[in-house]
Amino acid sequence: MKRITILLIALFCNVCFAQERDDSVLLWQRFQQPPDAARPMMRWWWFGPAVTHVELDRQIAAMKAGGFGGFEVQPVYALSTDDPSSGIVNTPYLSDPFLAALRHTSETARASGMRMDVTLGSGWPFGGPHVPITQAAAEIRRVEITIPASASSITLPVMEPGERAVALFLNDARLPLVNGPALDVRPVQQERKACLFVAGRTGQQVKRAAVGAEGFVIDHISSGAVANHLAAVGDRLLSAFDGATKPYAMFSDSLESYGASWTDDLPQEFERRRGYDLLDHLPALFAEGSSGAAVRFDWARTLSELVDERYLKPINAWANQRGTRFRAQVYGLPPPTLSSNALVDLPEGEGADWRRFNSTRWASSAAHIYGRSVVSSETWTWLHSPSWAATPLDLKVEADRHFLQGVNQIIGHGWPYSPPQVAEPGWAFYAAAALNDHNPWYPVMPTVTRYLQRVSAMLREGRPDSAVAIYLPTEDAFADMRPAHASVNEGMRQRFEPNTVGQVLDAGQTFDFIDASAILAGKLTHRLLILPGLTRIDPAAFERIAAWVDNGGWVIATGALPNNAGGLMDGTAGAQKIQQLARRLLEAESKQRVHVVAPESLGATLRSVLEPTVALAASDAAFGFIRRRLENGSLYFIANTGPRPIETRARFAGDNGRGEWWDPVTAERRAAGAGDIAVQLAPYESKLLVFVSGLDQAEPATVHRVAPVLDLSKAWRVQAKGASATPPQPGSSWTDEPKLQHYSGSVTYQRSFVLGKAALTSEARLFLDFGDGTALPDVRQDRPRALLEAPIRDAALVRVNGKDAGAVWMPPWRLDVTSLLRPGKNEIEVVVMNTAINALSARPVSKRLLELRYGPRFREEDQDKIQPAPSGLLRPVKLVRSTSYPVD
């Protein structure tokens with residue numbers, strides 16, 4: 001019997017090992033050949049729209065050739081008046097010709113294997129000519145009325161369409177409103193001020209609307225307004241698609257309904273939900289300081305509930321009923337919360353600042369907490385502004401900062417449709433990156449997108465694995481909200497100490513944001529919760545937190561524990577409950593499970609409580625990571641987010657096996673060792689570190705010693721197609737030649753050299769070395785870019801002896817050419833491509849007639865920065881030998 005038991009155990013272990021090996025092999029195969037669904041997408045702006053079927057087909061083919069997996073159609077403002085003589089004609093939004101273009105695009109996309117999403121409107125926020133004033137975005141505003149001395153009546157202002165007076169206050173007392181232009185009051189000898197509260201319309205127009213899409217922004221918390229928009233716009237858009245070609249998703253951009261703070265039935269909904277009459281307390285919404293905070297909390301919470309119930313839920317249901325999905329940026333005005341992301345199929349964020357609060361981590365946290373396997377982000381929105389200045393390295397720099405926040409679907413912002421008859425570089429969106437094939441460096445794009453695809457695919461493996469959660473101070477944001485700006489997410493940065501997020505990251509942890517709704521839904525599965533200087537907290541959520549601590553959870557509160565509940569409805573009893581729970585938690589402090597510390601001590605306390613997930617031998621704020629837990633191990637995405645190399649050692653908690661470095665650019669793997677692992681990252685380099693068992697042994701971890709072989713700086717044959725002058729030799733910029741200052745395109749460098757047999761040894765690899773970059777000073781975080789003066793401006797394709805050697809577009813600017821070299825004569829060709837900014841700098845464009853025809857619908861950004869940029873091979877070129885030695 002004992003022998004049978006041993007055999008069964010052995011058999012079970014063999015089966016488990018075989019399963020682990022199979023899982024690991026499949027993981028490696030998915031890394032090498034990632035699924036198409038992980039390809040990055042592009043937001044495709046249709047200007048006007050002035051599109052033709054032929055050019056739509058050409059641009060879809062160009063996107064596919066560039067490695068993109070799909071696009072989102074977003075019709076926006078015109079960039080030309082109608083000009084039939086040149087073939088540019090703006091097609092009115094939702095017209096039959098527009099729908100025909102949409103239908104044709106869907107058919108081409110399907111035939112090309114491309115995903116197609118469609119914006120559920122034109123421009124943003126949703127709205128248009130179908131929105132009557134009674135369904136336009138609504139506001140509550142305060143009007144001060146002067147009552148002269150001895151006056152016996154108050155003259156009320158004339159109401160505009162869509163407006164009505166809802167409350168009048170005099171000496172803090174609410175007066176009854178009557179029909180008519182005046183209200184009788186008792187006369188007094190002094191001048192007085194009355195406050196009239198008017199429920200009206202913000203008047204906001206759709207931003208960046210296409211021709212024929214102009215009109216009021218909808219009331220996002222009106223069921224009737226949302227239903228009307230879905231019928232007039234949503235169903236009309238979907239009529240362009242048959243059952244087999246439905247869009248993959250319908251898209252809602254960030255909510256930017258400025259001043260939205262009301263809806264017609266808000267008083268009734270408020271009383272039903274909060275239990276008292278909001279109209280009796282309207283002055284509190286406009287009060288200064290903390291006065292009226294409880295009423296503001298109840299009002300803001302009601303707005304948030306209505307956004308969920310009347311905007312997000314109905315649109316998601318509408319999309320699902322029609323065979324598609326709802327992708328949405330769930331933040332802005334009026335105020336969704338983090339947990340509102342649970343109501344949409346595909347949550348999306350934006351914002352690259354991974355060391356502070358932003359809407360990317362807001363969306364990815366919700367995705368992690370609520371089990372959404374894919375979370376996207378609007379990426380490159382303001383990349384290296386102005387338009388056409390962005391480089392392939394810039395794309396990687398920002399994308400990596402989104403990956404570090406848990407994003408695994410890149411939505412590029414974006415691809416401008418441009419008619420072929422428009423002068424180069426063609427049309428561009430007003431906001432930053434223009435990333436279509438009018439960029440001279442576009443031939444390198446497939447290499448960039450393959451990198452993005454591999455990382456995105458790997459960040460979909462397993463499950464998110466963060467030990468820390470940070471409670472968002474949503475309740476404090478509600479209590480401090482005002483009608484002029486009713487947003488939760490935009491108030492978060494003011495409520496976090498500047499380095500709250502940075503301290504958590506520097507303590508070797510990753511994290512998710514969390515809120516009361518998620519905690520009440522049982523989503524607090526982390527080991528430690530941070531309460532960042534809260535004043536208010538939801539009583540039921542706080543009670544859940546206390547129970548979680550009793551079951552082994554840890555809390556670090558900065559400043560103090562919260563001492564108040566949310567709103568007036570909670571009353572004194574709510575505040576007392578919070579204070580009672582706070583005392584109970586402080587009793588747990590003796591068990592070392594609750595720590596109340598100064599904000600600047602957060603990081604040190606976190607280190608003392610939790611073992612770092614990643615412990616660096618030398619701390620570096622540019623080092624970032626995120627971990628995914630696999631069935632048979634773990635996977636880290638690790639990135640150097642700065643312009644200087646990182647060389648250190650790191651210990652990875654709980655990963656005691658031998659790790660492997662997987663390079664998402666080259667698709668190669670190399671052993672990383674175990675225990676204290678050597679980490680070497682070039683500027684802006686990134687890698688995957690994988691701990692799994694069952695794979696064949698990888699190449700050993702090595703260090704490289706580089707020695708020069710040949711100086712290839714001179715004697716190049718240099719030519720630029722269509723240029724009026726010959727570009728200089730490597731080491732100088734094309735723009736040093738006056739006739740080439742405004743040249744955007746490619747320059748071909750060719751030369752031959754002789755290589756002796758002794759140089760081609762099996763012990764060493766030979767590389768073309770284009771030099772090192774130089775770190776630049778940090779400037780304008782709201783305009784992300786690589787802060788590195790590159791030796792190649794801005795990308796190159798290399799051929800050796802007639803065969804492709806690869807692309808060079810990121811550090812280290814070095815290419816392995818060992819297998820392509822031969823003894824004797826060798827021929828090298830380097831095709832260098834710059835950006836379109838040089839050509840743009842010679843082409844000022846007048847918008848006078850365009851604005852006279854359609855009005856000023858946009859203002860192009862950073863036009864003062866349009867000037868020729870250095871281009872070409874800016875450093876001497878060398879052939880170097882790299883000899884590998886085992887890592888100690």
Side-chain angles (χ1 to χ4, degrees), residues 338 353-358 360-362 364-369 400-407 459 462-472 492 496-514 518 523-533 545 548-549 552-558 592-629 634-641 646 648-656 659 676-677 679 689 691:
L338 178 139
D353 191 350
W354 65 290
R355 291 182 61 86
R356 295 189 66 185
F357 173 87
N358 69 35
T360 297
R361 183 103 54 181
W362 163 285
S364 64
S365 296
H368 294 165
I369 290 168
D400 284 351
R401 295 172 185 177
H402 288 256
F403 290 143
L404 289 171
Q405 297 177 78
V407 165
L459 292 181
R463 63 184 186 276
D465 189 28
S466 291
V468 175
I470 301 178
Y471 191 96
L472 289 178
M492 287 296 104
F496 279 91
E497 289 290 324
N499 198 29
T500 297
V501 169
Q503 288 189 75
V504 174
L505 298 174
D506 292 342
Q509 303 292 347
T510 58
F511 68 93
D512 293 314
F513 291 124
I514 199 167
K523 303 300 183 181
L524 181 55
T525 59
H526 305 71
R527 294 178 59 197
L528 184 143
L529 176 67
I530 296 171
L531 303 178
I545 291 168
W548 172 78
V549 171
W554 297 73
V555 168
I556 300 177
T558 60
Q592 298 183 335
R593 291 209 172 275
V594 178
H595 296 259
V596 180
V597 302
E600 61 272 16
S601 300
L602 171 61
T605 307
L606 185 53
R607 288 187 190 90
S608 71
V609 170
L610 285 185
E611 179 187 8
T613 302
V614 177
L616 293 182
S619 180
D620 193 322
F623 176 89
F625 76 93
I626 190 167
R627 181 166 73 173
R628 304 279 298 182
R629 181 61 64 187
S634 58
L635 178 150
Y636 294 81
F637 172 73
I638 292 172
N640 180 359
T641 65
I646 292 176
T648 185
R649 302 190 78 87
R651 181 171 290 275
F652 298 83
D655 293 307
N656 299 318
D676 287 337
I677 292 177
V679 177
L689 180 61
F691 292 89

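When a residue number appears, it is its place in the shown sequence, counting from 1.
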Say you draw a straight line from NE2 of His526 to CD1 of Ile514; how long is it, rounded to the nearest 0.5 Å? 6.0 Å
Evaluate the side chain to side chain contact (heavy atoms under 4.5 Å, CB included) criterion for residues Thr613 and Gln509: first the C-alpha distance (whole Å), next the side-chain angles of each, then the deciding distance (0.1 Å), finally the verdict. CA-CA 6 Å; Thr613 302; Gln509 303 292 347; 2.9 Å; yes
Side chains of Leu689 and Phe691: does their closest heavy-atom pair fall under 4.5 Å? yes
Point-to-point distance, once rounded to the nearest 0.5 Å, from CG of Asp512 to CH2 of Trp362: 14.0 Å
Rounding to 0.5 Å, atoms CG (Leu459) and CG (Leu635) come to a distance of 7.0 Å
List the atom of Gly624, the atom of Leu404, and the distance in Å for their closest heavy-atom pair. C-CD2, 3.4 Å
In Phe403, Phe625, Phe623, the residue satisfying ring-ring contact (aromatic ring centres under 6.0 Å, His included) with Phe637 is Phe403
Would you mind reporting whether Trp354 and Val501 have side-chain heavy atoms less than 4.5 Å apart? no
First locate atom CZ of Arg361, then atom CD of Gln405, and finally report the distance between them rounded to the nearest 0.5 Å. 5.0 Å
Are there over 12 heavy-atom neighbours, none belonging to Arg527, within less than 6.0 Å of that residue's CZ? no
Can you find a pair of side-chain heavy atoms, one from Thr641 and one from Asp400, that are under 4.5 Å apart? no
So, for Leu338 and Ser365, which heavy atoms are closest and what is the spacing to 0.1 Å? CD1-CB, 4.2 Å
Thr558 versus Thr500: any side-chain heavy-atom pair under 4.5 Å? no
Describe, in one word, how the ring planes of Tyr636 and Phe652 are oriented to each other, choosing from parallel (under 30°), tilted (30 to 60°) and perpendicular (over 60°). perpendicular
Test side chain to side chain contact (heavy atoms under 4.5 Å, CB included) applied to Leu505 and Arg355, step by step: CA-CA 8 Å; Leu505 298 174; Arg355 291 182 61 86; 3.8 Å; yes
Considering residues at least two apart in sequence or located in another chain, which fulfil the side chain to side chain donor-acceptor pair (under 3.5 Å) criterion with Asn499? none
Can you give me the closest heavy-atom contact between Gln503 and Gly603, atom names plus distance? OE1-N, 2.9 Å
Side chain of Asp676, backbone of Arg649: donor and acceptor closer than 3.5 Å? no
How many angstroms lie between CZ in Phe511 and CD1 in Ile470, if you round to the nearest 0.5 Å? 4.5 Å
Below 4.5 Å, heavy atoms only, C-beta onward: do Pro464 and Arg628 meet side chain to side chain? yes
Can you run down the salt bridge (Lys or Arg N to Asp or Glu O under 4.0 Å) pairs that involve residues 605-627, sequence neighbours left out, and say none if there aren't any? Asp465-Arg627, Arg627-Asp655
Between Ala618 and Thr648 the two heavy atoms that sit nearest each other are N-OG1, 3.3 Å
Side-chain heavy atoms of Glu497 within contact of Leu602, under 4.5 Å: no
If you round to the nearest 0.5 Å, how far is CG of Leu610 from CG of Leu528? 5.0 Å
Provide the closest heavy-atom pair for Ala518 versus Ile369 in the form atom of the first, atom of the second, distance. CB-CG2, 4.0 Å
With Ser466 via side chain to side chain donor-acceptor pair (under 3.5 Å) - residues at least two apart: Thr510
Where do Ala507 and Pro612 come nearest, in terms of heavy atoms and distance? O-CB, 3.5 Å
